[in-house]
Structures are given as C-alpha cells and as structure tokens.
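In what follows, a single structure is set out as structure tokens and then discussed.
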There are 2 protein chains.
Amino acid sequence: MPDNRGTRPAQPTLRDVAERAAVSAMTVSRALRDDPRVLPATRDRVRAAATELGYRPNEVARSLRLGKGSGLVGLIVTNLANPFYSRLALGVDSVLRTQGLKTVIGNTAQDPAAERSLVEDLVARRVDGIIAVPAGPDQRHLATAAAEGVPVVLASRPPEGFDADCVLVDDFGGAKDATEKLIARGHHRIGFLGSPTAVYTGTERLRGYRAALTGAGITPDDAYVRQGQQQTAEAARAAAGLLSLPAPPTALFCSNNRNTIGAFRAISAAGTRTALAGFDDFELADALGLPLTLVDYDIDELGRQAGRMLVDRTRERGGAPRRTVVPTHLVEYGTTTTPD
Amino acid sequence: MPDNRGTRPAQPTLRDVAERAAVSAMTVSRALRDDPRVLPATRDRVRAAATELGYRPNEVARSLRLGKGSGLVGLIVTNLANPFYSRLALGVDSVLRTQGLKTVIGNTAQDPAAERSLVEDLVARRVDGIIAVPAGPDQRHLATAAAEGVPVVLASRPPEGFDADCVLVDDFGGAKDATEKLIARGHHRIGFLGSPTAVYTGTERLRGYRAALTGAGITPDDAYVRQGQQQTAEAARAAAGLLSLPAPPTALFCSNNRNTIGAFRAISAAGTRTALAGFDDFELADALGLPLTLVDYDIDELGRQAGRMLVDRTRERGGAPRRTVVPTHLVEYGTTTTPD
DNA sequence: CTGTTAGCGCCTTCAT
DNA sequence: ATGAAGGCGCTAACAG
C-alpha cells in the first residue's frame, strides 16, 4: 500500500511568528491561547504577526507534547450506505462534538481484516476512544485495544470475550412483540428472514420470534426460517422461496430493513396477501400500499448513548462495564391483513 | 467547549522496547520497519520484545517527525443522513484507502460556522487534503486552506472566488432532459420544487428546467416555482400549494430527492394524476405505485473521481485546476401519465 | 509579564 | 550492522 501522505510546503511555525513579533516562542504560544499572563499589547502584536503570516497551530505537535489523546474518536461501522449506520454516526457525533472531540468514521464493508487494520491504525493515532459495531464474532482486535487502555464502546452488539461498555437495542423484545402481533391477528405459519447467523442482533431477533411462537403454543418450524441475506435482492429470493412452499407462511417477520424490503418485493411480485412485519423503520415504508408492522427505535439515541458512554469512560477509567438497552416500539403502516 | 482528550495511561515507547531487547531505540525503529540493514536475529528479538510489551508505534510522533501530512483526508458534507452523502463518502474512501489515506468525515448540518471551524481543525491536524461539498456560497475558509497549500477538491459544486479542482454533476443537462421528457408527454404547465436558491446545484437545475420550457416555446412562469425546501415535509407543503393553484401544474419537476418524495406525498394526498419527475434516484422509487421519471447518476463515481483528483493533487501541486462532470441519465418507473 | 530549558516519540544524519 | 546526537513544533515547569 503506497504511503501517499503529501509533502507539504512548509507552514509558518511558532518561531516564525515569534521572530516577527519580536518575542519568544513561548509568549506566542501563550498569547495565542489567551493566557491571561500576557500583556494585552503584546498579545495583539503577536496576533497580528500570526495573521500576517497565516500561522496555523500544528495540532499534531501539540498533541504529541501534551501526551494526551488526539481529540479524535474512531467510529467503526460496516456499511455507511445503510441509513442505520449514518444515523448512528450523527448521533455519536452530536455528543462528541460538544466535548471538543472529532469523529473519525471508518467503513469496513463487512471485511474483518479491514476492521482489524482500522482498529490498529486508530490506536496508532492515539484516538481518545473507539466506538464500534463489530462485523463478526471475532473481537480480539477490540479486546487488545481495550487492554491497552483505549476506551472502547460497542454499539448494537455486546462485547465477546472481553469487557467493554455497550449500548444495545431490545432485539429480543422487539422481535417478540412484532411476532406476537402477527399471531394476534390469527397468523400461525409465520416465516422468518434474517441476517447471517453469526450476527448477534440476528440471533437475538430470531430468539424473540421463536419465543413468541412458543408462547402462543406454536412449534417453531425451521422450514420457515431463512438466514444469511444481506442485500434486498437475496432477501427477495429467500422470501420467494418461502412463499412457494407447499404450505406457505401467511406472514413474514424480517430481522432488518434489508430483508423487509426484499420480502416486500417478493410479496408484490407473487401477488399474495402475506402479512409483513420487520425490524427497523425506513423511509417510504408507509407508501408501499401494503400493511406493514415495524419495530422502531431511536437510532440517534443509540448513537448519543454510545457517545456519552465513551466520554464518561475517557474521564473515569476503570469501574464495571456498563450496558444500556434502547427500547423498541411497534409502528403500523396501512391496514393489516388477516389470513384467509 | 471542554477539551476532553483523555489522559492516556502511558503506552510503551520505542525506548521501552529497546531496553527490553537490549539494543538502541534506533535499532528498534529500523527493525520494526523492516529495514534490511538489521540483522535478522536482532530483528526477531526486537519483534518479540515489542509484542511482549504490546508496543504500538505512535503515529502522532511519526507524523511530526516526518514533517509530512498525517495520512488523513477530511471530507466535509452537510448531512450524512442523506444517502447521497453517505454514498459519496464511500466512493471517496474506496479510492483513498488504496493510497494509504484515511477519510475523516465531518458533518456540518448545513451550519456555515461549523463548516468553517471544521476546515480550520482539519488544517491544524495537517490533513493531506480536504474534499468538501460546501453548504453555502461563502467559501473563504476553503480558499484560505487552499492558499496555505492544502489540496482542496470540491464535489458537486464549483469553487467560488478561488481556484480548486472540482467534480460536478451535469445538473443543467439532467434537469433539462427530465423536463423535456415531461413536455414530450404533452405537459405544458410544469411546476418546479427546489432547494434553497443559494445552492449551486439548485440554480443549475432550475436553469435546466427553464431551458427545456423555453426550448419548447413555453414561457417559464415563476408562479409554478417553489424554492427553499430542504425536508420532505416542507416539500410536501410546497407541492400542495402548487396543486391548489387555480390552474395547477399537470406535472412537477423536483430538483432533489427530498423534494421528489415530498411531492409524491402531496400528489398521493391530493389524489391527482400529476406527473412527477425529479433529480436523484432513491430506494423504493419503483414501488410507489406512481409513474416517476428520475435523473440518475453514479454517486460512487462522483466520490471516486473526487478521491482521485485529490490524490493527484497531493503528488503534483500546481498546474491548472481540473474540472470533471459526471453524466446523468433518465430512469423511468411505472407508467407515465399524460395530461387530461 | 516574559524567557529559558527540556522533552513528548520518532526518525534522519552521521559516526563507528 | 548498530548507535549517538539532534530536532520536528509545541508547551509545562521553572526561572527572572
């Protein structure tokens, strides 16, 4: 991998400003940071010199000297194009920016190797912390970072194999609620479409779905379960598969918005009256001309809580790891069908 | 604004590793970077010591010493929650990462002051460049950064008042094509819904809309033009306003996806057969049960080109500013209505 | 109020 | 093949 950090034309330094203002570098340093010990007249002179030279403090040097972090917090997500992650990022940033911290977003595109190298790079840059939505079950790179004293907060998944703060969604409860709603409407054969099995949120939501069935005296049937779809096209194919079973499900529960949208397309194409429910709200869900039950929750709040936890952790290291859970609620769009 | 960069527990440095491996710091530095001048045996010993200590090279110190950039590129956008910007970010990052550069995303939430301070911070961190989608017409902060030698690339808007590379979309042509399509279907009274007037893309698209009308011998009527809507709700209100005119437009052209979606909602609510066209494709556009003509273009490519331009610029400073334009094409969803 | 000294962690240069 | 000196730009600590 080529190292392309550019050769920068030399920028003026403290000393250049000092020379021009006929003071010492130290005085410039103080004047520019509004140290009250500097004579107002001197301060103004220094300021003027700095402006004339177009002086910019070098945050890199400052950071090194202060021996603290860089004022940066790394946020690791798998796919920024998913509105879920971009909203999360905004929530995180809204909190961090009030604390003078900058958010560096790293996109891993689901690649564990990319995630690992990203973490290493962030640690090397001495970030003040890392907020991550880990892609896979192997979190050793995060464990290492945490062990080296970098505050780590996980969002939407719990830590595996080490201790860290985390902010979760009520995956189990939300999935159970939505499935129960379908059951209450008279559905017995309910299909499940979900993300890869290795993903925590996926398995929790599957658990919730099964719990709802069991609680209603319905035996979960794995023939109605399709897991592993990440894109809407795959999800549509999986849904079509379920719909063409000899005894097709009369309702589908989808564990995330990619699967819900895919299922919607499959149902539209098949022309059936299959009821649809899913995890995650999404734009235009109300305009699809199909009844839809969605498990909604405050993504921004998820991000804000993650940001707050990280800030707390930069202040008080040590202490037991904290875990909070963001609640979910059901949203209904259109009118819901009942089985024939 | 509190400065919350955390106090980090001391991490092992080169010297710590040197002591443990019983060599000098210099040798450690070389060994860790695979300098061939180091005896393999020594190198292994050093490596072992580094691992045992959990040593991580300090990128901050490295960066300072090398006197080059930080290996970071700042990307400034107004609203990450808009899929347009998150896709752009992915396109940019896909190019930069192959060059060993990291993308730092800054969200300004349309606030010019936030944008200014973001630029300053990036310059202070000695980023290797800045890619920006400026929020407003005042670009002096970017001009300053450029003048100080930081490569600046603008995406989707041209530089105002200074020279810089930029990557644009064929705003004029796309808007003209879409409007002509509506005209070809027999529409004469065509409304326009757009973003704030100060935004370049908005004015270009308005120009395209007007050019199509004029070209067809229709006199543009400002009574059919509504500008300034940023959110779908405002756009829906503006569209409803047009639809309730004495002689309502039989078709609407929207200058971005927020306005298109708002217009869609207004048309649905009003129950009219108003034809709809807009700039930007969006997910589920095909599922709205309404005919829709959209101006589509490759956002990722926009990002990739911006990334490439920046990389080029870090290598060869100087030279005339470059400007490229990403082409657009029309996409049709559903069947299109003709005026009564 | 201002200046001097020293050093953050690393790497270039020049010895050895 | 390895090491010692010096300094990147900045600031804390201690003069004066």
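Both backbone and side-chain heavy atoms feed into the values below; hydrogens, waters and symmetry mates do not. Naming convention: chains lettered A, B, ... in sequence-line order (proteins, then strands); numbering from 1 in each chain.
- Where the helix from C/dC1-D/dG16 to C/dT16-D/dA1 starts and where it ends, the local axes point in directions that differ by 40°; five pairs per end, rounded to 10°.
- Considering only side-chain N and O atoms, B/Ser24 lies nowhere under 4.0 angstrom from the phosphate OP1 or OP2 of D/dA4.
- Judged as a side-chain contact (heavy atoms from CB on, under 4.5 Å), and not counting sequence neighbours, B/Asp44 has no contacts.
- A salt bridge (charged side-chain N to carboxylate O under 4.0 Å, His left out) check over residues 10-22 of chain A, counting only residues at least two apart or in different chains, returns the pairs A/Arg20-A/Glu52.
- Every pair tested for salt bridge (charged side-chain N to carboxylate O under 4.0 Å, His left out) that includes a residue from residues 24-33 of chain B fails, sequence neighbours excluded, so the list is empty.
- Residues satisfying the side-chain contact (heavy atoms from CB on, under 4.5 Å) test with B/Arg47, not counting sequence neighbours, are B/Leu32, B/Asp34, B/Arg43.
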Can you give one letter per nucleotide of nucleotides 6-12 of chain D, 5' to 3': B if a protein heavy atom sits under 4.0 Å from the base, S if only from the sugar-phosphate, - if neither? BBBBBBB
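- Among pairs with a residue in residues 131-145 of chain B, those fulfilling side chain to side chain donor-acceptor pair (under 3.5 Å) read B/Glu115-B/His141, B/Asp138-B/Arg140, at least two apart in sequence or across chains.
- Looking only at distances, no side-chain donor or acceptor of A/Asp128 sits under 3.5 Å from a matching main-chain atom of A/Val73.
- In terms of phosphate contacts, B/Thr27 brings a side-chain nitrogen or oxygen within less than 4.0 Å of OP1 or OP2 of D/dG3.
- In terms of the salt bridge (Lys or Arg N to Asp or Glu O under 4.0 Å) criterion, residue partners of B/Arg304 (sequence neighbours excluded) are, by chain and number, B/Asp298, B/Glu301.
- What separates CG of B/Asp35 from P of C/dC10 is a distance of 16 Å, to the nearest Å.
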Listed pairs under 3.5 Å, donor-acceptor, residues 74-83 of chain A side chains, sequence neighbours left out:
{"residue": "A/Thr78", "atom": "OG1", "partner": "A/Tyr85", "partner atom": "OH", "Å": "3.3"}
{"residue": "A/Asn79", "atom": "OD1", "partner": "A/Ala81", "partner atom": "N", "Å": "3.1"}
{"residue": "A/Asn82", "atom": "OD1", "partner": "A/Phe84", "partner atom": "N", "Å": "2.9"}

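- Nucleic acid contact for B/Val60: none, since no nucleic acid atom lies under 4.0 Å from a heavy atom of the residue.
- Atom CZ in A/Arg37 sits roughly 14 Å away from atom P in D/dA15 (whole-Å rounding).
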